[in-house]
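One structure below.
Atoms within each ligand, like the ligands themselves, are counted from 1 in listed order. Owing to the predicted nature of the structure, the values given are computational and were not obtained by experimental measurement. Residues: numbered from 1 along the sequence shown.
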Amino acid sequence: MRQILCFDFDGTLVEHGGDPEFHPELRERIRAFRAKGALFVINTGRTLRETIQGIGSHGLLIVPDFIVAAERDIYVEKGGQWKDFGKWNKVARKVHEKFLTEHKRFFAHLTNQLKLYTKARFLRDDSGDTGIVSATSEEMDGIVTYLEQHLARLPGLGWQRNGIYLRFMHRDHNKGSALRELAQQVGASPSTIFAAGDNFNDLSMLQTSVARHIACPSNSIPEVLDHVRNQGGFLASRPASQGMIEALDHFFAKKDGITSPES
Ligand SMILES: [Mg+2]
C-alpha cells in the first residue's frame with residue numbers, strides 16, 4: 001500500500017520569519033520516506049504558481065510528487081511541467097463555475113453587506129477565485145457566523161478559511177476531498193496516510209477517515225489544536241517544519257529507523 005505524507009505549506013512546512021524557515025532535517029526525513037516509495041504531497045490554499053515560488057523562496061530544495069493548489073486542484077509533475085492529475089481538476093472547475101452562477105445573487109448581497117457593515121473586502125479574480133479578506137481575525141469570525149446562518153437556504157455553499165482569508169468553494173471541495181481523491185488514484189488507504197496542517201482550511205484533511213496519522217505544529221490555531229487532540233492525533237511541541245520532524249518521528253521513525261507502519 002502506498003504511503004502519503006501530506007503537508008499544508010504556510011505555517012506547517014514553512015515558518016515565516018522563523019530561523020530556519022524550513023528545517024533541513026525535515027528534508028532529509030522526507031527524502032528517506034520517498035526512498036521507500038512514499039509520496040510527498042503539498043496541500044495548500046496557494047495557487048500552483050505561488051506554491052512553486054514558495055518552494056524555491058523558502059529553501060525547501062525538494063519538489064513534491066503532487067501539489068494540491070487552491071485547496072482543490074491536484075497537480076503532478078511530468079517532464080518538468082506541472083499538469084492536471086487525472087480528470088479531477090476539470091470536473092472541479094465545472095462544479096466551481098456552476099457554484100458561482102448559482103450563488104451569484106447571494107454574493108452580490110454579501111458584497112453590499114460587507115461594504116455597509118465591515119472593513120472586509122469581497123474579491124474575485126479572472127480565474128473565478130472568489131472570496132473575502134477581512135481586517136481582523138475577529139471580523140472574519142463574525143462573517144463566518146453570518147455565512148453559517150445562510151447555509152440552510154444555500155445548498156452547496158462552502159468556503160475555506162485561512163485566518164483573515166476566505167475562499168468560496170462548493171461544499172464538497174476542500175483539501176480533504178482532494179487528498180481522498182489523490183489517495184484513491186495512487187492506491188493509498190487512510191491507514192497509510194499522514195496529514196498535517198495549522199489552520200481552518202486544514203480541518204477537512206485532518207480527519208481520521210482521510211488520514212489515520214494526523215498532526216499539527218505548535219503554531220496552529222486553537223481550533224486545530226483542539227480538533228487534532230480530539231481525534232487522537234499528534235500535537236507537536238515545536239512550530240512548522242521542526243514540529244513536522246517530531247510528528248514523523250512520533251508516528252513512524254522510532255520502530256526501526258525510518259519506516260512506514262505497514263512495511
Ligand atoms: Mg497553513
### Query
Once you round to the nearest 0.5 Å, how far does CZ of R93 lie from CH2 of W88?
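Going from the CZ atom of R93 to the CH2 atom of W88 covers 12.5 Å.
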#### Entry: With D172 via side chain to side chain contact (heavy atoms under 4.5 Å, CB included) - residues at least two apart
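For D172 the side chain to side chain contact (heavy atoms under 4.5 Å, CB included) partners, ignoring immediate neighbours, are H170.
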Output a table of donor-acceptor pairs, distance under 3.5 Å, between side-chain atoms of residues 217-225 and any protein atom two or more places apart or on a different chain; print 'none' if there are none.
{"unit_1": "S218", "atom_1": "OG", "unit_2": "R238", "atom_2": "O", "d": "3.1"}
{"unit_1": "N219", "atom_1": "OD1", "unit_2": "A240", "atom_2": "N", "d": "2.9"}
{"unit_1": "N219", "atom_1": "ND2", "unit_2": "G11", "atom_2": "O", "d": "2.8"}
{"unit_1": "S220", "atom_1": "OG", "unit_2": "P217", "atom_2": "O", "d": "2.6"}

### Task
May I ask you to list the protein N, O or S atoms found at less than 2.8 Å from the Mg ion (ligand 1)?
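Under 2.8 Å from the Mg ion (ligand 1) - ignoring waters, which are not counted - the protein N, O or S atoms are D8 OD2, D10 O, D198 OD1.
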### F7 and F40 aromatic ring geometry - parallel, tilted or perpendicular at 30°/60° bounds
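It falls in the perpendicular class, over 60°.
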### Query
Quick one: do the E246 and S237 side chains pair a donor with an acceptor below 3.5 Å?
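Present: a donor and an acceptor within the cut-off.
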Going by atom type alone, with no hydrogens or angles, which donor-acceptor pairs under 3.5 Å involve a side-chain atom of residues 179-187 and a protein atom two or more places apart or on another chain?
{"unit_1": "E181", "atom_1": "OE2", "unit_2": "Q185", "atom_2": "NE2", "d": "3.0"}

